[in-house]
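What follows is one structure encoded as structure tokens, with my remarks underneath.
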Amino acid sequence: MKFLSTRNSNLKISGREAIVKGISEDGGLFVPESFPSFDIMENLDLSYTDLAHKILSLYLTDFDSQDLLKIIEKSYASFEDEIAKVTCKKDFYLELYHGRTSAFKDFALCLLPNLLAYAKKSLGIKDKTLILTATSGDTGKAALEGFYNTEDIDILVLYPTEGVSSIQKAQMDTTDSLNSKVISIDGNFDDAQTAVKKIFNDKKIKEELKKENIYLSSANSINIGRLLPQIVYYFYSYADLVKKEKISAGEKISFCVPTGNFGDILAGYYAKEMGLPVEKLVIASNDNNVLTDFFTSGTYDANRELVKTISPSMDILVSSNLERLIFHKSSDEIVKEKMKDLNDSHIFTFEGDFDEFLCGYASEEETKNTIAKTFKEEGYLMDPHTGVAKNIVDKLELKKTVILSTASPYKFSSSVLDALGENISKDEFENINILHEKTGVKIPSEIKN
Ligand SMILES: *Cc1c(COP(=O)(O)O)cnc(C)c1O
């Protein structure tokens, strides 16, 4: 399997090279040259790690198969109990927050550092790598944990000072690894992401770093090594539902994904292209509803104020991974044209066939009401990101839908308590205990610590 740049499909490199590079020199993102097929019905009984091994082997064909299995097993050993847990209520919840930092980013970020270290070693690259990461809150901590004291790989995280929750801030600021630096910036997530992209494309900085034998790479979902591991849980949840007899073999189901940078839902698109029986992929947004507008009108317009919401990991106006979808639906020439428009005037138009997608957005009030209603009626507690997705599922009256539950409610205790109509303390840490008292839901050990 080779990987191409979304801005130059003649450029073909191996999986290991794509992971090491992170982003293509032409500014494009790496994508697989084709989608291998995978029949989940023949793989129903695999453990999560064996399933991950089978699926990732189809893409990372230049990794030794046994080495890849070892890397996967080592990476997922950090998860509490089940790796991906499916809870069946009226809808199905794919809980992706039982990893080290209580958000779905752990799925890729526990693995990426090990993939990167292996790729560097096997390619004979001795230089130091500096990982630059912009975060809206969850990627930062997951990356800091994943790259904890990694050999020859340092990590620098930028987060918006006012854009993350107190818990997210504390998680990042208290990281005690020797190879990391965490910087909070005046600005929002888009400013942080733009700064990172600028550094990547700055020839002067690159030359300076080259003198010191330092190469830049990325832990954001622009790295294909972030995207591929996320394909696995779409297949895993499907197999789990078949085994629980909630759906029949081969039946098409939908997935509703709280979306920011479009990485998570794009992995769902990859799963569908590989043969997973998918009815619809539902793009759920908060008040920063750029994607809803794009998928309904064909115009992507980032000329608007970023709104701060209770689902901060989705407070994003420039969704990086959309570039990959547009490439799969058109060509490198068209991507270049659209990305130039976006860069020059923060707006572009693209009329594509997006039949497999649905979209919608939830306001703050709607999200809070959904959290309260679902807890009251179904006894299920969710975080605000998941609340956005559940709200869309209810509004669109979707049936047999897997809602990707992307973070533990305890990561956003104050907002969740507020949604439930409870009194909240000014101390966000105290709210963790209050939320536990009110709901009885177990506090993840990472957050407790
Ligand atoms: C990152 C994140 C999202 C959005 O995922 P994308 O891949 O950026 O679309 C949603 N929910 C939570 C909790 C997140 O951390």
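Whatever order the structure lists ligands and atoms in, that order sets their numbers, starting from 1.
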ask   = How about Q171 and T101: does a side-chain donor come under 3.5 Å of a side-chain acceptor?
value =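 Per modelled atom types, Q171 and T101 side chains form no pair under 3.5 Å.
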
key: Donor-acceptor contact below 3.5 Å, side chain N8 vs main chain D332   =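 It does not hold such a pair.
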
request  = Can you measure from CD1 (I434) to NZ (K438) and round to the nearest 0.5 angstrom?
outcome  =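 Rounded to the nearest 0.5 Å, the CD1-NZ separation comes out at 7.5 Å.
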
task = State plainly whether the residues K21 and E17 are in salt-bridge range, i.e. N to O under 4.0 Å.
result =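 Salt bridge between K21 and E17, a charged N being under 4.0 Å from a carboxylate O: no.
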
Residues 269-283, side-chain donor-acceptor partners within the protein, below 3.5 Å, at least two apart:
residue: Y270; atom: OH; partner: H328; partner atom: NE2; Å: 2.8
residue: K280; atom: NZ; partner: D355; partner atom: O; Å: 2.6

task = May I ask you to check whether Y76 and Y48 place their ring centres under 6.0 Å from each other?
result =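 Between Y76 and Y48, which both carry aromatic rings, the centre distance is below 6.0 Å.
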
Below 3.5 Å only, please: the N or O atoms of ligand 1 paired with protein N or O atoms, distance on each line.
residue: ligand 1; atom: 7 (O); partner: G263; partner atom: N; Å: 3.2
residue: ligand 1; atom: 7 (O); partner: D264; partner atom: N; Å: 2.9
residue: ligand 1; atom: 8 (O); partner: N261; partner atom: N; Å: 2.7
residue: ligand 1; atom: 9 (O); partner: G260; partner atom: N; Å: 2.8
residue: ligand 1; atom: 9 (O); partner: N261; partner atom: N; Å: 3.2
residue: ligand 1; atom: 9 (O); partner: F262; partner atom: N; Å: 3.0
residue: ligand 1; atom: 11 (N); partner: T406; partner atom: OG1; Å: 2.8
residue: ligand 1; atom: 15 (O); partner: K105; partner atom: NZ; Å: 2.6
residue: ligand 1; atom: 15 (O); partner: D138; partner atom: OD2; Å: 2.5
residue: ligand 1; atom: 15 (O); partner: S313; partner atom: OG; Å: 3.4

